[in-house]
Amino acid sequence: MQQIAFTDIEDITVGHAHNLDAATGCTVVICEKGATAGVDVRGGAPGTRETDLLHPVNLVENIHAVMLAGGSAFGLDAASGVMQYLEERNIGFDVQVTRVPIVCGAVLFDLTIGDHKIRPDREMGYQACRNATNLECAEGNVGAGAGATVGKVLGMERAMKSGLGCHAVQVGALKIGAMVAVNCLGDVIDPETGERLAGLLNEDLTGLADTEAVMIQSFADKRNLFAGNTTIGIIVTNAMLTKSQATKLASMAQNGYARTMRPAHSMFDGDTVFTMATGHVEADLSTLGLLSARVMERAVVSAIKKTSPLFGLKCLADLEGIRCEAEEFCSS
(Lines give C-alpha, C1' and ligand atoms only; values in the text may rest on other atoms or scores of the structure.)
Protein backbone atom coordinates (compact mmCIF):
# COMPACT_ATOMS: atom_id res chain seq x y z
CA MET A 1 0.00 0.00 0.00
CA GLN A 2 1.43 3.36 -1.01
CA GLN A 3 0.29 6.90 -0.38
CA ILE A 4 -0.86 8.84 -3.44
CA ALA A 5 -2.35 12.27 -4.04
CA PHE A 6 -6.12 12.50 -3.62
CA THR A 7 -6.36 13.74 -7.21
CA ASP A 8 -4.46 10.69 -8.51
CA ILE A 9 -7.81 8.88 -8.43
CA GLU A 10 -8.92 8.87 -12.05
CA ASP A 11 -11.90 10.84 -13.38
CA ILE A 12 -12.06 13.44 -10.61
CA THR A 13 -10.97 17.04 -10.25
CA VAL A 14 -10.93 19.18 -7.10
CA GLY A 15 -11.47 22.92 -6.80
CA HIS A 16 -11.44 25.38 -3.90
CA ALA A 17 -12.69 28.94 -3.52
CA HIS A 18 -12.58 30.96 -0.31
CA ASN A 19 -12.52 34.36 1.31
CA LEU A 20 -10.04 34.32 4.20
CA ASP A 21 -11.07 37.82 5.30
CA ALA A 22 -14.53 36.35 5.92
CA ALA A 23 -13.11 32.95 7.00
CA THR A 24 -15.35 30.86 4.77
CA GLY A 25 -15.19 28.96 1.50
CA CYS A 26 -16.27 25.97 -0.51
CA THR A 27 -14.71 22.90 -2.11
CA VAL A 28 -16.01 20.84 -5.02
CA VAL A 29 -15.11 17.34 -6.20
CA ILE A 30 -16.24 16.90 -9.81
CA CYS A 31 -16.69 13.67 -11.75
CA GLU A 32 -17.86 14.70 -15.22
CA LYS A 33 -18.43 11.09 -16.30
CA GLY A 34 -20.64 10.47 -13.27
CA ALA A 35 -19.89 8.54 -10.09
CA THR A 36 -21.96 6.06 -8.12
CA ALA A 37 -22.63 7.73 -4.79
CA GLY A 38 -23.81 7.14 -1.26
CA VAL A 39 -24.01 9.13 1.95
CA ASP A 40 -24.07 8.59 5.70
CA VAL A 41 -25.32 11.37 7.98
CA ARG A 42 -24.86 11.17 11.75
CA GLY A 43 -25.21 13.56 14.63
CA GLY A 44 -28.15 15.82 15.32
CA ALA A 45 -27.43 18.99 13.34
CA PRO A 46 -26.76 18.28 9.64
CA GLY A 47 -26.93 20.73 6.76
CA THR A 48 -27.16 18.80 3.49
CA ARG A 49 -28.37 18.86 -0.11
CA GLU A 50 -29.71 16.01 -2.30
CA THR A 51 -29.03 13.28 0.25
CA ASP A 52 -32.46 11.65 -0.27
CA LEU A 53 -31.59 11.20 -3.94
CA LEU A 54 -28.75 8.89 -2.89
CA HIS A 55 -31.07 6.39 -1.23
CA PRO A 56 -30.62 3.09 -3.09
CA VAL A 57 -34.34 2.85 -3.97
CA ASN A 58 -34.38 6.20 -5.78
CA LEU A 59 -33.95 6.71 -9.54
CA VAL A 60 -30.70 8.53 -10.26
CA GLU A 61 -27.67 6.23 -10.29
CA ASN A 62 -24.82 8.71 -10.76
CA ILE A 63 -23.87 12.13 -9.45
CA HIS A 64 -21.53 14.66 -11.03
CA ALA A 65 -20.18 16.60 -8.05
CA VAL A 66 -20.08 16.87 -4.28
CA MET A 67 -19.85 20.35 -2.79
CA LEU A 68 -18.57 21.03 0.74
CA ALA A 69 -18.97 24.55 2.12
CA GLY A 70 -18.97 26.81 5.13
CA GLY A 71 -21.68 29.36 5.80
CA SER A 72 -24.10 27.05 7.60
CA ALA A 73 -27.37 26.60 5.67
CA PHE A 74 -26.62 29.77 3.70
CA GLY A 75 -23.63 27.98 2.16
CA LEU A 76 -25.82 25.47 0.34
CA ASP A 77 -26.36 28.25 -2.21
CA ALA A 78 -22.86 27.53 -3.58
CA ALA A 79 -24.20 24.34 -5.17
CA SER A 80 -26.18 26.50 -7.61
CA GLY A 81 -22.90 27.77 -9.03
CA VAL A 82 -21.66 24.20 -9.39
CA MET A 83 -24.82 23.30 -11.29
CA GLN A 84 -24.44 26.31 -13.56
CA TYR A 85 -20.84 25.42 -14.37
CA LEU A 86 -21.68 21.80 -15.21
CA GLU A 87 -24.81 22.61 -17.22
CA GLU A 88 -22.80 25.04 -19.35
CA ARG A 89 -20.59 22.06 -20.25
CA ASN A 90 -23.55 19.78 -21.02
CA ILE A 91 -22.84 17.58 -17.99
CA GLY A 92 -25.75 16.05 -16.10
CA PHE A 93 -28.79 13.80 -16.13
CA ASP A 94 -30.45 13.95 -19.56
CA VAL A 95 -34.02 15.33 -19.35
CA GLN A 96 -34.27 15.99 -23.13
CA VAL A 97 -34.47 19.81 -22.95
CA THR A 98 -31.19 20.05 -21.01
CA ARG A 99 -28.93 18.05 -18.75
CA VAL A 100 -29.47 18.45 -15.02
CA PRO A 101 -26.20 18.16 -13.06
CA ILE A 102 -26.64 16.05 -9.93
CA VAL A 103 -24.80 17.93 -7.19
CA CYS A 104 -24.86 16.74 -3.59
CA GLY A 105 -23.52 18.82 -0.75
CA ALA A 106 -23.07 19.50 2.92
CA VAL A 107 -22.21 22.58 4.95
CA LEU A 108 -20.49 23.37 8.23
CA PHE A 109 -20.98 26.28 10.63
CA ASP A 110 -18.23 28.91 10.45
CA LEU A 111 -20.21 32.11 11.04
CA THR A 112 -18.59 32.87 14.41
CA ILE A 113 -15.23 33.93 12.94
CA GLY A 114 -14.60 36.37 10.13
CA ASP A 115 -17.52 38.24 8.57
CA HIS A 116 -20.73 36.26 9.10
CA LYS A 117 -22.49 38.27 6.38
CA ILE A 118 -20.20 36.82 3.70
CA ARG A 119 -21.01 33.19 2.90
CA PRO A 120 -20.35 30.77 0.07
CA ASP A 121 -22.77 31.66 -2.73
CA ARG A 122 -23.46 30.86 -6.38
CA GLU A 123 -20.45 32.87 -7.53
CA MET A 124 -18.08 31.15 -5.10
CA GLY A 125 -19.37 27.71 -6.11
CA TYR A 126 -18.82 28.57 -9.77
CA GLN A 127 -15.31 29.83 -9.01
CA ALA A 128 -14.45 26.61 -7.17
CA CYS A 129 -15.39 24.69 -10.33
CA ARG A 130 -13.26 27.02 -12.49
CA ASN A 131 -10.35 26.28 -10.12
CA ALA A 132 -10.88 22.51 -10.32
CA THR A 133 -7.80 20.53 -11.32
CA ASN A 134 -6.28 17.08 -11.09
CA LEU A 135 -3.11 18.53 -9.60
CA GLU A 136 -2.25 17.93 -5.95
CA CYS A 137 -4.99 19.18 -3.65
CA ALA A 138 -4.30 22.12 -1.33
CA GLU A 139 -4.97 21.59 2.39
CA GLY A 140 -5.41 23.66 5.54
CA ASN A 141 -7.17 27.03 5.45
CA VAL A 142 -8.63 26.43 1.99
CA GLY A 143 -12.10 25.89 0.56
CA ALA A 144 -14.59 24.42 3.00
CA GLY A 145 -11.89 24.37 5.68
CA ALA A 146 -11.25 28.13 5.58
CA GLY A 147 -13.34 28.80 8.69
CA ALA A 148 -13.23 25.37 10.34
CA THR A 149 -12.54 25.19 14.08
CA VAL A 150 -12.44 22.56 16.83
CA GLY A 151 -12.76 22.44 20.63
CA LYS A 152 -15.76 24.74 21.07
CA VAL A 153 -17.50 23.26 24.10
CA LEU A 154 -16.59 26.33 26.23
CA GLY A 155 -16.91 28.90 23.47
CA MET A 156 -14.71 30.29 20.73
CA GLU A 157 -12.30 31.91 23.23
CA ARG A 158 -10.81 28.46 23.92
CA ALA A 159 -11.30 26.93 20.46
CA MET A 160 -8.57 26.19 17.89
CA LYS A 161 -8.25 26.61 14.15
CA SER A 162 -8.72 23.54 11.98
CA GLY A 163 -8.99 23.14 8.22
CA LEU A 164 -9.38 20.79 5.28
CA GLY A 165 -7.31 17.64 4.87
CA CYS A 166 -6.80 14.87 2.33
CA HIS A 167 -5.23 11.42 2.30
CA ALA A 168 -5.27 8.69 -0.34
CA VAL A 169 -3.66 5.29 -0.88
CA GLN A 170 -3.24 2.77 -3.68
CA VAL A 171 -3.19 -1.04 -3.35
CA GLY A 172 -2.47 -2.65 -6.70
CA ALA A 173 -4.96 -1.07 -9.11
CA LEU A 174 -7.30 0.01 -6.30
CA LYS A 175 -7.28 3.66 -5.22
CA ILE A 176 -9.19 5.22 -2.34
CA GLY A 177 -8.96 8.62 -0.70
CA ALA A 178 -10.64 10.92 1.79
CA MET A 179 -11.18 14.66 1.91
CA VAL A 180 -12.59 16.26 5.05
CA ALA A 181 -13.28 19.68 6.55
CA VAL A 182 -12.83 19.20 10.30
CA ASN A 183 -15.18 21.37 12.34
CA CYS A 184 -16.02 19.23 15.36
CA LEU A 185 -17.30 20.23 18.79
CA GLY A 186 -14.56 18.28 20.52
CA ASP A 187 -10.89 17.35 20.30
CA VAL A 188 -8.82 15.68 17.58
CA ILE A 189 -6.62 12.69 18.46
CA ASP A 190 -3.99 11.02 16.30
CA PRO A 191 -4.96 7.33 16.64
CA GLU A 192 -1.49 6.19 15.58
CA THR A 193 0.18 7.89 18.55
CA GLY A 194 -2.68 8.63 20.95
CA GLU A 195 -1.59 12.29 20.99
CA ARG A 196 -4.24 14.98 21.42
CA LEU A 197 -3.48 17.34 18.53
CA ALA A 198 -6.09 20.07 18.80
CA GLY A 199 -9.31 20.98 20.54
CA LEU A 200 -10.33 22.70 23.75
CA LEU A 201 -7.51 24.92 25.05
CA ASN A 202 -6.68 25.06 28.76
CA GLU A 203 -7.44 28.19 30.78
CA ASP A 204 -4.15 29.95 30.02
CA LEU A 205 -4.34 28.95 26.31
CA THR A 206 -0.95 27.24 26.38
CA GLY A 207 -2.05 23.63 26.02
CA LEU A 208 -5.02 21.32 25.60
CA ALA A 209 -7.80 20.41 27.98
CA ASP A 210 -10.25 17.50 27.54
CA THR A 211 -13.64 18.20 25.96
CA GLU A 212 -15.16 14.88 27.02
CA ALA A 213 -14.12 15.44 30.64
CA VAL A 214 -15.77 18.89 30.60
CA MET A 215 -18.96 17.44 29.13
CA ILE A 216 -19.10 14.63 31.67
CA GLN A 217 -18.56 17.00 34.59
CA SER A 218 -21.40 19.22 33.37
CA PHE A 219 -23.78 16.43 32.32
CA ALA A 220 -26.85 18.28 33.62
CA ASP A 221 -26.09 21.44 31.63
CA LYS A 222 -28.31 21.44 28.54
CA ARG A 223 -26.63 24.28 26.69
CA ASN A 224 -27.36 24.68 23.00
CA LEU A 225 -23.97 24.17 21.34
CA PHE A 226 -25.18 23.65 17.80
CA ALA A 227 -23.71 26.90 16.49
CA GLY A 228 -20.20 25.90 15.60
CA ASN A 229 -19.86 22.30 14.54
CA THR A 230 -20.22 19.57 11.87
CA THR A 231 -17.44 17.69 10.09
CA ILE A 232 -18.08 16.99 6.41
CA GLY A 233 -16.11 14.68 4.15
CA ILE A 234 -15.93 12.60 0.99
CA ILE A 235 -14.56 9.16 0.21
CA VAL A 236 -13.52 8.76 -3.44
CA THR A 237 -12.51 5.42 -4.94
CA ASN A 238 -12.00 3.93 -8.38
CA ALA A 239 -13.82 0.77 -7.25
CA MET A 240 -17.01 -0.48 -8.89
CA LEU A 241 -19.90 -0.10 -6.43
CA THR A 242 -23.69 -0.14 -6.42
CA LYS A 243 -25.58 2.65 -4.67
CA SER A 244 -26.20 0.32 -1.71
CA GLN A 245 -22.51 -0.49 -1.47
CA ALA A 246 -21.55 3.17 -1.79
CA THR A 247 -23.92 3.98 1.07
CA LYS A 248 -22.40 1.24 3.21
CA LEU A 249 -18.90 2.48 2.42
CA ALA A 250 -19.82 5.99 3.62
CA SER A 251 -21.10 4.43 6.84
CA MET A 252 -17.88 2.48 7.39
CA ALA A 253 -15.80 5.60 6.74
CA GLN A 254 -17.48 7.23 9.74
CA ASN A 255 -15.23 4.99 11.84
CA GLY A 256 -12.43 7.35 10.82
CA TYR A 257 -14.34 10.19 12.50
CA ALA A 258 -14.87 8.13 15.64
CA ARG A 259 -11.19 7.24 15.90
CA THR A 260 -10.00 10.83 15.64
CA MET A 261 -12.69 13.09 17.12
CA ARG A 262 -13.80 12.98 20.75
CA PRO A 263 -16.69 13.07 20.94
CA ALA A 264 -17.90 12.27 17.44
CA HIS A 265 -21.52 12.23 16.21
CA SER A 266 -22.89 14.35 19.06
CA MET A 267 -26.28 16.06 18.92
CA PHE A 268 -24.38 19.28 18.19
CA ASP A 269 -22.54 17.87 15.15
CA GLY A 270 -23.99 17.00 11.74
CA ASP A 271 -21.18 14.67 10.74
CA THR A 272 -21.60 13.64 7.10
CA VAL A 273 -19.62 11.43 4.71
CA PHE A 274 -20.29 11.08 0.97
CA THR A 275 -18.96 8.32 -1.27
CA MET A 276 -18.06 8.74 -4.95
CA ALA A 277 -17.08 5.57 -6.86
CA THR A 278 -15.77 5.98 -10.42
CA GLY A 279 -16.13 2.29 -11.32
CA HIS A 280 -12.84 0.97 -12.70
CA VAL A 281 -11.72 -1.78 -10.30
CA GLU A 282 -13.48 -4.68 -8.59
CA ALA A 283 -12.89 -4.75 -4.83
CA ASP A 284 -14.26 -6.41 -1.70
CA LEU A 285 -16.56 -4.06 0.20
CA SER A 286 -15.25 -5.02 3.65
CA THR A 287 -11.69 -4.29 2.56
CA LEU A 288 -12.81 -0.99 1.06
CA GLY A 289 -14.53 -0.20 4.35
CA LEU A 290 -11.45 -0.66 6.49
CA LEU A 291 -9.39 1.36 4.01
CA SER A 292 -12.00 4.14 3.98
CA ALA A 293 -11.76 4.45 7.76
CA ARG A 294 -7.96 4.56 7.58
CA VAL A 295 -7.76 7.24 4.90
CA MET A 296 -10.43 9.28 6.66
CA GLU A 297 -8.58 9.27 9.97
CA ARG A 298 -5.36 10.34 8.25
CA ALA A 299 -7.23 13.08 6.37
CA VAL A 300 -8.59 14.40 9.68
CA VAL A 301 -5.08 14.45 11.16
CA SER A 302 -3.75 16.13 8.02
CA ALA A 303 -6.40 18.86 8.32
CA ILE A 304 -5.07 19.70 11.78
CA LYS A 305 -1.40 19.54 10.80
CA LYS A 306 -1.73 21.58 7.60
CA THR A 307 -3.77 24.48 9.01
CA SER A 308 -2.44 27.85 10.12
CA PRO A 309 -3.68 30.43 12.66
CA LEU A 310 -6.49 32.77 11.65
CA PHE A 311 -8.40 35.56 13.42
CA GLY A 312 -6.43 34.97 16.61
CA LEU A 313 -7.28 31.27 16.77
CA LYS A 314 -4.28 29.09 17.57
CA CYS A 315 -3.39 26.00 15.55
CA LEU A 316 -1.24 22.95 16.24
CA ALA A 317 1.94 24.74 15.15
CA ASP A 318 1.33 27.40 17.82
CA LEU A 319 1.07 24.78 20.57
CA GLU A 320 4.22 23.06 19.32
CA GLY A 321 5.97 26.44 19.44
CA ILE A 322 4.86 27.01 23.05
CA ARG A 323 6.06 23.52 23.96
CA CYS A 324 9.46 24.10 22.38
CA GLU A 325 9.88 27.42 24.19
CA ALA A 326 9.02 25.75 27.50
CA GLU A 327 11.54 22.97 26.87
CA GLU A 328 14.26 25.49 25.99
CA PHE A 329 13.49 27.47 29.17
CA CYS A 330 13.63 24.37 31.36
CA SER A 331 16.94 23.24 29.84
CA SER A 332 18.63 26.63 30.20
Side-chain angles (χ1 to χ4, degrees), residues 1-15 27-40 50-51 53-68 86 89 91-93 101-106 132-137 139 164-180 232-257 259 272-302:
M1 183 167 64
Q2 65 177 9
Q3 184 175 345
I4 60 174
F6 183 80
T7 44
D8 284 343
I9 302 171
E10 50 263 48
D11 298 336
I12 68 159
T13 57
V14 176
T27 295
V28 62
V29 178
I30 298 173
C31 182
E32 294 187 2
K33 296 179 180 179
T36 305
V39 67
D40 187 81
E50 295 281 35
T51 52
L53 176 146
L54 298 182
H55 194 288
V57 303
N58 290 332
L59 174 65
V60 175
E61 288 293 328
N62 294 320
I63 70 170
H64 304 97
V66 172
M67 185 275 305
L68 307 179
L86 295 175
R89 286 151 183 80
I91 297 166
F93 183 74
I102 307 301
V103 179
C104 300
T133 176
N134 59 5
L135 301 178
E136 190 167 357
C137 183
E139 300 178 72
L164 181 137
C166 301
H167 190 86
V169 298
Q170 180 170 354
V171 184
L174 176 66
K175 300 176 183 178
I176 186 168
M179 171 184 289
V180 61
I232 48 180
I234 310 170
I235 294 291
V236 177
T237 178
N238 65 350
M240 297 187 301
L241 299 176
T242 65
K243 284 179 73 176
S244 295
Q245 291 172 327
T247 299
K248 182 61 177 177
L249 186 60
S251 173
M252 297 167 86
Q254 292 270 12
N255 291 332
Y257 284 6
R259 293 173 188 170
T272 300
V273 177
F274 292 96
T275 297
M276 300 176 74
T278 59
H280 293 280
V281 179
E282 291 191 8
D284 171 68
L285 183 59
S286 294
T287 304
L288 279 172
L290 73 87
L291 287 172
S292 72
R294 285 191 183 183
V295 294
M296 183 59 79
E297 69 178 47
R298 299 323 302 168
V300 171
V301 170
S302 186

Any [X] side-chain heavy atom under 4.5 Å of [Y] side chain:
| X | Y | result |
| --- | --- | --- |
| Cys31 | Asp11 | yes |
| Arg294 | Met1 | yes |
| Val28 | Val103 | no |
| Asn62 | Thr36 | yes |
| Val180 | Met296 | yes |
| Ile176 | Leu288 | yes |
| Leu249 | Thr237 | yes |
| Thr242 | Pro56 | no |

Verdict with supporting geometry, Cys104 and Val39, side chain to side chain contact (heavy atoms under 4.5 Å, CB included): CA-CA 9 Å; Cys104 300; Val39 67; over 6 Å; no

To the nearest 0.5 Å, tell me how far [X] [atom1] sits from [Y] [atom2].
| X | Y | atom1 | atom2 | answer |
| --- | --- | --- | --- | --- |
| Ile91 | Glu32 | CD1 | CD | 3.5 Å |
| Met67 | Phe274 | CE | CZ | 8.5 Å |
| Leu174 | Thr287 | CG | OG1 | 9.0 Å |
| Thr27 | Leu164 | OG1 | CG | 5.0 Å |
| Ile232 | Met179 | CD1 | CE | 11.0 Å |
| Ile63 | Leu53 | CD1 | CG | 8.5 Å |

Counting only N and O atoms by type, is there a donor-acceptor contact under 3.5 Å from the side chain of [X] to the main-chain atoms of [Y]?
| X | Y | value |
| --- | --- | --- |
| Thr275 | Ala250 | yes |
| Glu61 | Lys243 | no |
| Asn238 | Ala173 | yes |
| Ser251 | Asp40 | no |
| Ser302 | Ala299 | no |
| Tyr257 | Thr272 | yes |

Shortest non-hydrogen separation from [X] to [Y] and the atoms involved:
| X | Y | answer |
| --- | --- | --- |
| Ala132 | Thr13 | CB-OG1, 3.7 Å |
| Gly289 | Met252 | CA-CE, 3.4 Å |
| Ile235 | Ser292 | CD1-O, 3.7 Å |
| Val295 | Gly177 | CG2-C, 4.0 Å |
| Asn255 | Ala293 | CB-CB, 3.9 Å |
| Ala277 | Leu241 | CB-CD1, 3.8 Å |

CZ/Arg259: more than 12 non-hydrogen atoms of other groups inside 6.0 Å: yes

Side chain to side chain contact (heavy atoms under 4.5 Å, CB included) partners for His55, two or more places apart: Val57, Asn58

Within residues 167-180 or reaching into it, pairs that qualify as side-chain hydrogen bond (donor to acceptor under 3.5 Å, both in side chains) - sequence neighbours excluded: Glu10-Lys175

